[in-house]
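Written below as structure tokens is the structure these notes are about.
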Amino acid sequence: MDRIDAMRLFIRVADAGSFSRAAADLELGQPTVSRRVQDLEAALGTTLFQRTTRALSLTEAGERFYRRAADILAEFDEAEAEARGLEHAPVGLLRISCSHSFARRVIAPAVTNFLALWPNIRVDLISDDALTDLVAEGVDIAFRLGELRDSRLMAKKVGEASQVLWAAQSYLDRRGTPKHPSDLSQHDAVVFRHSRQTVWDLTKGNEHFEARVDGPFRASSGETLLEAAAGGLGLFLAPAWLASECTGEIRLVRVLPDWQGPSLPIHAVWSSGKLRGKAKLFVDHVEPAITAACGLTRLETARR
């Protein structure tokens, strides 16, 4: 139990990024926390933290130990809960991260039913269009749209949404309706500011066309671009789940309906080990909603 407690303390310090913050969370003195970490390092024969006057970070050995310790603690907690007969009554905080638009349209609606099923769970939803550091923010599960860049994360593909073209009728009345992707170079587009290139890769059956686009407005938020398109600023390439409210209100209409852009993969990602506990419960709960939004069947777990 001493070693289990030491691992829990180590995980808390790593997540907090500070001995003092971890000590405050645990209601212990900072010297006590520092000494216990030093004892753990001595027992392991390695240095787990790189200490400076301004920052505390994991060493390479510390990162490896963090992942294994997290797995061990999760297995221990599951075994303990099963022994106590609590495996069907999960409790505690579940921290979720995703983009603003995905949170509002897919995740938040699913949370309501999830909490009705599991009333002893609390959810902390971080909606941010920047990529959240899962370890630093203590995130249990995140949903990432697009190709994954961090190969250290574990991932399960939960959906893949086709992207299609949208525009406000007011824009089409003013600028005309494109008949072919080659017409798009004569139109305005609203695009993500982090896009590496302003090229829309469009397909129709076996036909393929790369349309170079530009326009007066870029933004980092899908919600912001959606409102810009609905306001008549230009064409927008986006999945149907993002544009659903605007289509229902007839603020946006499909453009070039026979053509579609590249599929947008959606992954549930976590820091290490198997998907388990409250995070697995939530992914299993929300996946049908994602499947419905994307129109796809369940997909397999993968390492990214």
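What you see is a predicted model, and the numbers here were worked out from it, not measured in a lab.
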So how far is it from [X] [atom1] to [Y] [atom2], rounded to the nearest 0.5 Å?
X    : Y    : atom1 : atom2 : result
S220 : H100 : OG    : NE2   : 8.0 Å
L184 : D214 : CG    : CG    : 12.5 Å
Y171 : D173 : OH    : CG    : 12.0 Å
F19  : L9   : CZ    : CG    : 8.5 Å
E41  : F65  : CD    : CZ    : 10.0 Å
Q38  : T47  : CD    : OG1   : 10.0 Å

Could you tell me whether the side chain of [X] and the main chain of [Y] form a donor-acceptor pair under 3.5 Å?
X    : Y    : result
S101 : G222 : no
D183 : H180 : yes
R51  : F49  : yes
R175 : Q186 : yes
T203 : G205 : no
T198 : V213 : yes

Tell me whether [X] shares a hydrophobic cluster with [Y], the cluster being built from Ile, Leu, Val, Met, Phe, Trp, Tyr side chains joined at under 4.5 Å.
X   : Y    : result
L44 : F10  : yes
L93 : F114 : no
I11 : F76  : yes

Relative to each other, are the rings of F102 and F143 parallel, tilted or perpendicular (30° and 60° limits)? tilted

Parallel, tilted or perpendicular: which one describes the rings of F192 and F236, with boundaries at 30° and 60°? tilted

Presence of salt bridge, [Y] and [X], under 4.0 angstrom:
X    : Y    : result
D124 : R95  : yes
K157 : E287 : no
D140 : K278 : no

Any side-chain heavy atom of [X] sitting closer than 4.5 Å to one from [Y]?
X    : Y    : result
T224 : E227 : no
S34  : V13  : no
S185 : R212 : no
E60  : Q50  : no
E147 : P265 : yes
W259 : V164 : no

W200/L235 under side chain to side chain contact (heavy atoms under 4.5 Å, CB included): CA gap, chis, key distance, verdict: CA-CA 11 Å; W200 286 346; L235 303 171; 4.1 Å; yes

Heavy-atom closest contact (A155 atom, L148 atom, distance): CB-CD1, 3.5 Å

G232 to S170 - nearest heavy-atom pair and separation: CA-OG, 4.0 Å

Within the 6.0 Å centroid threshold, strictly below: H285 and W118: no

Name the one of V139, V283, I141, V286 that satisfies side-chain contact (heavy atoms from CB on, under 4.5 Å) with I96? I141

Partner of L237 by side-chain contact (heavy atoms from CB on, under 4.5 Å), out of D201, V190, L165: L165

Given side chain to side chain contact (heavy atoms under 4.5 Å, CB included), test D188 with F217 step by step and report yes or no. CA-CA 9 Å; D188 289 333; F217 186 70; over 6 Å; no

Can you list the residues that meet the ring pair (Phe, Tyr, Trp, His ring centres under 6.0 Å) rule with Y66, with sequence neighbours excluded? none

Sequence neighbours left out, what passes side-chain contact (heavy atoms from CB on, under 4.5 Å) with T32? Give chain and number order. R35, R36

Given side chain to side chain contact (heavy atoms under 4.5 Å, CB included), test H267 with V158 step by step and report yes or no. CA-CA 5 Å; H267 291 89; V158 293; 5.9 Å; no

Under the salt bridge (Lys or Arg N to Asp or Glu O under 4.0 Å) test, which residues partner R122, sequence neighbours left out? none

Start with the C-alpha distance between Q163 and Q260, add both sets of side-chain angles, then the distance that settles side chain to side chain contact (heavy atoms under 4.5 Å, CB included), and finish with yes or no. CA-CA 6 Å; Q163 299 183 89; Q260 65 181 31; over 6 Å; no

Should we count CZ of R68 as having more than 12 external heavy atoms under 6.0 Å? no

